[in-house]
Amino acid sequence: MTISDKQVVEFQTKLLSWYKENGRHFPWRNKSATNYQKIVSEVLLQRTKAVTIAKFFPKFIRKYPSWKQLGNATEEELQESLRPIGLYKQRGSRLFKLAQELKKRKGRFPKERSEVEELPMMGQYITNAYELFILKKSSPLLDVNMARVIERYFGQRKLSDIRYDPYLQDLAHKLVTSINSYEINWAIIDFAASICKARDPKCPMCSLNKNCKFITQLP
DNA sequence: AACTCGGGGCT
DNA sequence: AGCCCAGAGTT
């Protein structure tokens with residue numbers, strides 16, 4: 001089951017067009033956002049609604065403006081700071097470990113992707129975000145949202161875990177390549193959040209519903 | 001491959 | 001009352 005370039009281009013074009021009218025705006029997407037803010041925002045966004053983090057983010061950044069300040073916080077302090085957004089014990093410990101690691105490295109990440117991905121809290125998704133925003137590579141923000149859109153439109157994944165499914169990984173990478181990678185990534189995620197939702201997707205008003213595998217299977 | 005972490009928001 | 005949310009680490 002191969003996917004043609006034509007399908008890919010149509011997908012990209014329609015979504016970018018949708019995004020220009022309906023894209024969301026968040027502080028971590030601003031030009032002025034620091035590399036630190038971009039990584040931290042991805043940590044906060046894990047399994048947590050972006051709108052929730054939009055309200056929480058400014059407070060957190062005021063409290064911990066850089067890796068240096070974050071590195072001075074204790075593990076318990078970080079956990080307590082994260083309590084309002086959930087997953088606070090695990091996420092607090094892991095963020096603490098990452099902060100300590102970057103303290104040692106003076107705020108510098110390793111060069112190789114494989115080394116970055118070995119750092120605490122830097123999993124498959126955040127490492128992709130690191131490549132996209134900091135190394136300026138065209139890597140996909142392949143989370144549950146992007147995975148859902150891809151699977152509905154192009155077809156189901158093979159493995160249960162997004163991280164290890166080469167079909168999803170390869171296709172996601174292809175979808176965000178050859179154009180403005182920031183925009184297409186954000187377009188897919190915003191589209192997933194407001195149109196191609198997990199529950200109650202807005203298929204009737206979807207600009208991609210003509211060639212979508214999902215809608216053609218509806219009763 | 002399956003499980004756990006978690007408060008908040010929406011239905 | 002139930003479901004979902006810009007995942008990662010462990011078993």
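In what follows, every heavy atom counts, from backbone to side chain, and hydrogens, waters and symmetry copies are set aside. So that the names make sense, note that chain A is the first sequence line, chain B the second, and so on, each numbered from 1.
Each of A/I85 and A/S160 has a nearest nucleotide on DNA chain B; the 5'-most of these lies closest to A/S160. Mapping A/S41 and A/M121 onto DNA chain C by nearest heavy atom places A/S41 at the nucleotide closer to the 5' end. Where A/R163 and A/D190 meet DNA chain C, the nucleotide closest to each residue was compared, and A/D190 sits on the side nearer the 5' end.
Comparing C/dA8, B/dC5, C/dC5 against the side chain of A/R94 picks out C/dA8 as the nearest. Distance from the side chain of A/I126 is smallest for C/dA8 among the nucleotides C/dA8, B/dG6, C/dC5. For A/Y88, taking side-chain heavy atoms from C-beta onward, the closest of the listed nucleotides B/dG7, B/dA1, C/dA8 is B/dG7.
Nearest approach of A/R91 to A/I85, heavy atoms of both residues: NH2-O, 3.3 Å. Taking every heavy atom of both residues into account, A/W18 and A/S207 meet most closely at CB-OG, 4.4 Å.
Summarising the geometry, the separation between CG on A/D143 and C1' on C/dA8 is reported as 14 Å, rounded to the nearest angstrom. The interatomic distance linking A/Q79 (CD) with B/dG7 (P) rounds to 13 Å, in whole Å. For the pair A/L87 CG and C/dC5 P, the interatomic distance rounds to 13 Å; values are reported in whole Å. Distance A/R24 CZ to C/dA6 P: 6 Å, rounded to the nearest Å. Per the geometry, CE belonging to A/M122 stands 9 Å off P belonging to C/dA8, to the nearest Å. Protein atom CD1 of A/I162 is 8 Å distant from nucleotide atom P of C/dG7, rounded to whole Å. The distance from atom CZ of A/F96 to atom P of B/dC5 is 22 Å, rounded to the nearest whole Å. Taking atom CD of residue A/E118 and atom C1' of nucleotide C/dA8, one finds them 15 Å apart after rounding to whole Å.
Distance noted for atom P between B/dC3 and C/dC3: 15 Å (whole Å). Taking atom P in both B/dT11 and C/dA6, the straight-line distance is 15 Å, to the nearest Å. If you take atom P in B/dG8 and the same atom in C/dA8, they sit 23 Å apart, rounded to whole Å.
Looking at A/E183 and A/K20, a side-chain N of the basic residue comes within less than 4.0 Å of a carboxylate O on the acidic one, giving a salt bridge. Salt-bridge annotation for A/D200 and A/K202: present, with a side-chain N of the basic residue lying under 4.0 Å from a carboxylate O of the acidic one. Ion pairing between A/E101 and A/R105 holds under the 4.0 Å rule for side-chain N and carboxylate O.
Under the side chain to side chain contact (heavy atoms under 4.5 Å, CB included) rule, A/L175 has a single partner from A/I184, A/D170, A/I150, which is A/I150.
Under the 6.0 Å cut-off for aromatic ring centres, A/F26 and A/F57 do not qualify, their centroids lying 6.0 Å or more apart.
At the heavy-atom level, A/V51 lies nowhere under 4.0 Å from the strands shown. In this structure, A/R83 reaches the sugar-phosphate backbone alone: every heavy-atom distance under 4.0 Å involves primed, P, OP1 or OP2 atoms, never a base. Across all strands shown, A/M146 has no heavy atoms under 4.0 Å from either base or sugar-phosphate atoms. Contact annotation for A/G86: base contact, defined as any heavy-atom pair under 4.0 Å involving a base atom. Across all strands shown, A/R29 has heavy atoms under 4.0 Å from base atoms, whether or not it also approaches the sugar-phosphate.
With hydrogens and angles disregarded, a donor-acceptor distance shorter than 3.5 Å links the side chain of A/T48 to the backbone of A/Q46.
For A/K197, the NZ atom counts as densely surrounded, since its 6.0 Å shell holds more than 12 non-hydrogen atoms of other residues, nucleotides or ligands.
Of the side-chain N and O atoms in A/R91, none sit less than 4.0 angstrom from OP1 or OP2 of B/dT4. The shortest distance between the side-chain N/O atoms of A/Y125 and the OP1/OP2 oxygens of C/dA8 is not below 4.0 Å.
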Every protein N/O within reach of nucleotides 9-11 of chain B N/O, cut-off under 3.5 Å:
none

